[in-house]
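First listed ligand is number 1; within each ligand, the first listed atom is number 1. Since we're looking at a predicted model, the values are computed, not measured.
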Amino acid sequence: MNNYKQGTKCIQAGYTPSNGEPRQIPIIQSTTFKYDTSEDMGKLFDLEASGYFYTRLQNPTNDYVAARIAALEGGTAAMLTSSGQAASFYSVFNIASCGDHIVSSSAIYGGTYNLFAVTMRRMGIDFTFVSPDCSDEELNAAFKPNTKAVFGETIANPSLDVLDIERFAKAAHAHGVPLIVDNTFATPINCRPFEWGADIVTHSTTKYMDGHASCVGGCIVDSGKFDWTKYPDKFPGLTTPDDSYHGVTYTERFGLEGAFITKATAQLMRDFGSIQSPQDAYILNLGLESLELRMKRHCENGQKVAEFLKSNDKISWVRYCGLEGDKYYELGKKYLPNGSCGVVSFGVDGGRSAAEKFMKNLRLASIETHVADSKTCCLHPASATHRQMNDEELKAAGVSPDLIRFSCGIENSEDIIADIEQALNTL
Ligand SMILES: *Cc1c(COP(=O)(O)O)cnc(C)c1O
């Protein structure tokens with residue numbers, strides 16, 4: 001399966017029915033699973049046999065879909081979570097505890113910023129935020145002896161900064177920690193962070209993967225490449241016996257390819273229970289089947305809209321890495337040669353009030369907190385998703401007060417552009 005192209009994996013990977021079995025991934029809508037003897041079940045609890053016992057931890061439908069995403073990313077193991085937020089939280093909390101420290105790009109989704117800077121700090125985990133454009137010296141200076149990971153977004157939501165994944169991976173590895181990359185906006189169709197040295201990938205599957213604004217969900221994928229056993233003092237949770245799970249040592253029992261995801265399932269899913277429902281996993285999979293086709297159209301529309309905006313004199317600035325001259329044009333060419341995504345950020349002349357008037361006058365594009373699905377939509381982050389940030393924090397996150405996040409759907413681009421044009425004409 002790993003030799004197939006991405007478009008084939010979208011449809012075929014992760015689930016291969018045997019003779020007489022359902023062609024489509026079945027929805028296993030069951031909380032629990034039946035066994036003949038207590039002994040059989042005991043082996044599952046000891047992680048000595050693999051199998052299902054309770055859907056709070058694992059469900060076959062979810063695992064088929066997770067395996068499909070793992071194949072698309074080129075990873076060794078994956079799990080679905082109930083949301084992208086849960087995926088971000090688990091990816092960090094699986095290797096960092098009270099007293100630990102994380103280096104994170106400052107250009108990240110507002111919800112992730114809040115999770116890190118407020119909620120996880122309250123759990124005793126410290127974060128240092130660095131600009132994705134910081135110098136190597138600044139990046140290296142952010143590490144501390146208790147640093148456990150580096151976190152960033154391939155294409156930041158909503159600033160659209162492109163992360164220099166290779167550079168951040170090198171710095172992380174030089175300090176003996178993994179790089180975690182949120183690959184939501186690029187999707188594995190446009191970028192595979194593992195090929196550039198990232199170790200763990202997270203997704204909000206709510207966005208392009210589902211693609212139809214149907215289901216909130218998340219995913220974590222492990223590359224299987226980070227050698228936790230080289231740094232046993234840093235990652236005792238993976239390299240020493242887990243008393244809460246009958247003394248299993250995850251790296252010994254499941255190898256580098258399975259340790260991270262098995263630990264996140266056995267401990268975090270067991271205790272926090274942020275599982276995706278099998279129904280939602282099924283719907284997510286319908287989205288995955290057309291992911292490659294849809295990403296092409298999203299990128300085509302994004303490029304056309306960005307070019308239109310750039311040539312319009314009522315627009316003060318446009319950010320889209322597919323535009324020649326964009327700050328991230330070169331990094332985009334390196335990491336996103338087939339296109340970035342359908343999201344374009346821009347400012348209109350007249351700042352905040354003009355932005356609000358422009359958005360009110362759009363007819364096709366709707367105002368939503370959502371982004372990255374089949375229907376064109378837009379948002380003013382400074383008054384919505386990022387409203388908890390002060391001006392300085394907004395600046396660090398690459399979000400100016402006049403920024404409009406415009407998410408091109410897969411409608412006909414002429415209609416999207418005509419809508420923007422008529423709304424601009426009202427200014
Ligand atoms: C939306 C989003 C998240 C959070 O995902 P939810 O599914 O809404 O919990 C995380 N990262 C990025 C880049 C996002 O766009």
Asker: Are K207 and Y109 in a cation-pi setup, meaning NZ or CZ lies under 6.0 angstrom from the ring centre and within 45 degrees of the ring axis?
Answerer: yes
Asker: Less than 4.0 angstrom from a charged side-chain N to a carboxylate O is my criterion; do K327 and D161 meet it?
Answerer: no
Asker: Could you list, one pair per line, each nitrogen or oxygen of ligand 1 together with any protein nitrogen or oxygen closer than 3.5 Å, giving atom names and the distance rounded to 0.1 Å?
Answerer:
residue, atom, partner, partner atom, Å
ligand 1, 5 (O), S204, OG, 3.0
ligand 1, 7 (O), G84, N, 2.9
ligand 1, 7 (O), S204, OG, 2.8
ligand 1, 7 (O), T206, OG1, 2.6
ligand 1, 9 (O), G84, N, 3.0
ligand 1, 9 (O), Q85, N, 2.9
ligand 1, 11 (N), D182, OD2, 2.6
ligand 1, 15 (O), N157, ND2, 2.8
ligand 1, 15 (O), K207, NZ, 2.6

Asker: Considering only NZ, NE, NH1 and NH2 on the basic side and carboxylate oxygens on the acidic side, decide whether E195 and R192 come within less than 4.0 Å.
Answerer: yes
Asker: Could you list the donor-acceptor pairs under 3.5 angstrom formed by side chains in residues 165-179, with sequence neighbours left out?
Answerer:
residue, atom, partner, partner atom, Å
E166, OE1, K334, NZ, 2.6
R167, NH1, C134, O, 3.0
R167, NH1, D136, OD1, 2.7
R167, NH2, P132, O, 3.2
R167, NH2, C134, O, 2.7
H173, ND1, A169, O, 3.3
H173, NE2, D199, OD1, 3.3
H173, NE2, D199, OD2, 2.8
H175, ND1, A171, O, 2.9

Asker: Who pairs with D222 by side-chain hydrogen bond (donor to acceptor under 3.5 Å, both in side chains), at least two apart in sequence or on another chain?
Answerer: none
Asker: Kindly state each residue pair satisfying side-chain hydrogen bond (donor to acceptor under 3.5 Å, both in side chains) with at least one member in residues 347-359, sequence neighbours excluded.
Answerer: none
